[in-house]
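Computed over heavy atoms, backbone and side chain alike; hydrogens, waters and symmetry mates excluded.
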Amino acid sequence: NEVINIIGNDIIRADLVDEIKKAVFYSVMADEVSSHNIEHLALCVRFVDENCDIREEFVSFVKLDRVRAEDITSSIISTVEGLGLSLNELRGQGYDGASSMSGEKSGVQKRIRDIQPKALYTHCAGHSFNLAIVNSCSVPSVRNCIDVIKNLTRWIKHSPKREGLLKAVYQKGVQAGTNQSRNPILNVCVTRWVENIDGWERFCLSHPFLVHMCEVIVYGDPEFELYNDNWTAEDKRNAMAHLKALENFEFLYTLVTLQRCLMYLREAVVKLQGESQDILCGVTLLEQCSLNLKEMRENIDQFSKRIFEHSSNLATKSGISITQPRISQRQQHRLNVESTSPEEYFKLTIVIPFLDHLLADLSSRFNPHVKQASHLQSLLPSRITSTTSVSDISEAVTFYNDDLPNPMIIDEEMHVWKTKWLSVEAQERPKSLQDCLKVCSKTTLPNIFCLLKLFSALPLSACSCARSASALRR
């Protein structure tokens, strides 16, 4: 242990601190994690190294005796200063949206900004995506569908016998050529719902097998003699309850809706976890997701028709009849919409509300990211036009005036930067801040380079902290 501590602290961490000091500007990212009933704070640092690469590096786990904002703030400051880093160069903070971290009056980010006003706070983009989906899933049918998936998955995974039956049913189906998926179902994550997209797709493919498995437990099947007996009364009651939920066409339709709507977020979710991603990249991904969802909303009839056809095919494979809830004069616990067909009913009660919730939440939760990006998008060559001027970045120049080498010549530098890229084809221009840093001359355009470096140091997400926390649990 002593040798490991010497290598970790005196060699690896010392070299890392030297790199951060050479970078000058840096940001801190933190995430709280519990391990063996002990609260820890995973602390990471984001900076731009000498090769103009954006890096996010883990620096320390800090034990927390209490999780109040003042205690977390004190732990972050003492750890940063203990590494030999100065708060004078701290330019960003990245945490989740917990009130103790993001509070505007007494949260960690506010307490640190009281000490260093330039340490801008960024709400973790991955967490924002997750919250947007969680809130969208408050639509009753969607919430019920997810509860069914979670309960059924947990019920199967907690019993080797039930899981063995599902695998036997699945293997028989694969041999018959009805499915090529390797595993029948995947575990459902309790917190990161956005990462359950693969699980929901797998659930769709395995739906006929799940129905058959429950039928074997309740009614028996001579093809699965090994599993026909020794089921308790409780097993049969639970299997019947799950079978009833699986054979509900509203559940099937909602499941397909979730799968088809959230697949458009998959690319954004994966890319947002990258260390080299910046605020502009995050906003670009958000804009693309919103554009796809809006296009679906504008062509809702065609989109809902595809969902209904997909759901109907699944229902046919599982022997489920296509029905809709009855309409009553007075209804308080679910949507009570008049319609001419099941397809129209489910479009009005599931697809439209879910899409509207998702679009509204994505817009509201990413509004701070959009505002931050608006201050620097004119520096990005891919967004430079003939009308671009220094006034487009005036707020950033004013805010970081003390950090710039010579702000008096920013007008001339902006003109040179603009002229350089207007003569280059749009598809050949750099599209990220890291690419811009590699082609921007530090000696010729020192102020532009400094602004690019400052914005590159701002964190987009706290995924590096989450990955470090996962390593601690292992």
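Contact between Leu83 and Val17 at its shortest, heavy atoms only, is O-CG1, 3.2 Å. Of all non-hydrogen atoms in Cys124 and Ala462, the two that sit nearest each other are SG-N, 3.3 Å.
By the side-chain hydrogen bond (donor to acceptor under 3.5 Å, both in side chains) test, Asn135 is found to be paired with Asp361, residues two or more places apart in sequence or in another chain being considered. Partners of Thr254 under the side chain to side chain contact (heavy atoms under 4.5 Å, CB included) rule, at least two apart in sequence or in another chain, are Ser141, Val142, Cys145, Glu250, Ile350. Phe354 meets the ring-ring contact (aromatic ring centres under 6.0 Å, His included) test with no other residue; sequence neighbours excluded. For Pro381, the side chain to side chain contact (heavy atoms under 4.5 Å, CB included) test picks out Trp417, Trp421, Arg429, Pro430, Cys436, with sequence neighbours left out. Annotation: side chain to side chain contact (heavy atoms under 4.5 Å, CB included) contacts of Arg297 (sequence neighbours excluded): Ile300, Ile352, Leu355, Asp356, Leu359. Partners of Leu285 under the side chain to side chain contact (heavy atoms under 4.5 Å, CB included) rule, at least two apart in sequence or in another chain, are Ala268, Lys271, Leu272. With sequence neighbours left out, the side-chain hydrogen bond (donor to acceptor under 3.5 Å, both in side chains) criterion links Ser432 to Asp435. When the ring-ring contact (aromatic ring centres under 6.0 Å, His included) test is applied to Phe303, no partner is found at least two apart in sequence or on another chain.
Between His242 and Trp155, the angle of the ring planes lies from 30° to 60°, which puts this pair in the tilted group.
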Could you pull out every donor-acceptor pair under 3.5 Å between side chains of residues 43-50 and any protein atom, sequence neighbours left out?
| from | atom 1 | to | atom 2 | distance (Å) |
| --- | --- | --- | --- | --- |
| Arg46 | NE | Ser456 | O | 2.9 |
| Arg46 | NE | Leu458 | O | 3.1 |
| Arg46 | NH1 | Glu56 | OE2 | 2.6 |
| Arg46 | NH1 | Glu275 | O | 3.0 |
| Arg46 | NH1 | Gln277 | O | 3.3 |
| Arg46 | NH2 | Gln277 | O | 2.7 |
| Arg46 | NH2 | Ser456 | O | 3.1 |
| Asp49 | OD1 | Asn51 | N | 3.0 |
| Asp49 | OD1 | Cys52 | N | 3.2 |
| Asp49 | OD1 | Asp53 | N | 2.9 |

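Sorted by first then second residue, the salt bridge (Lys or Arg N to Asp or Glu O under 4.0 Å) pairs that include residues 408-417, not counting sequence neighbours, number zero. Among residues at least two apart or in separate chains, there is no salt bridge (Lys or Arg N to Asp or Glu O under 4.0 Å) pair with a member in residues 92-105. Within the structure, no pair that satisfies the salt bridge (Lys or Arg N to Asp or Glu O under 4.0 Å) test touches residues 120-131, not counting sequence neighbours.
A salt bridge is absent between Arg143 and Asp147; no separation between the charged side-chain nitrogens and carboxylate oxygens falls under 4.0 Å.
Without hydrogens or angle criteria, Lys453 side chain to Ala23 main chain gives a donor-acceptor distance under 3.5 Å. The closest donor-acceptor contact from the side chain of Asn144 to the backbone of Pro140 lies under 3.5 Å.
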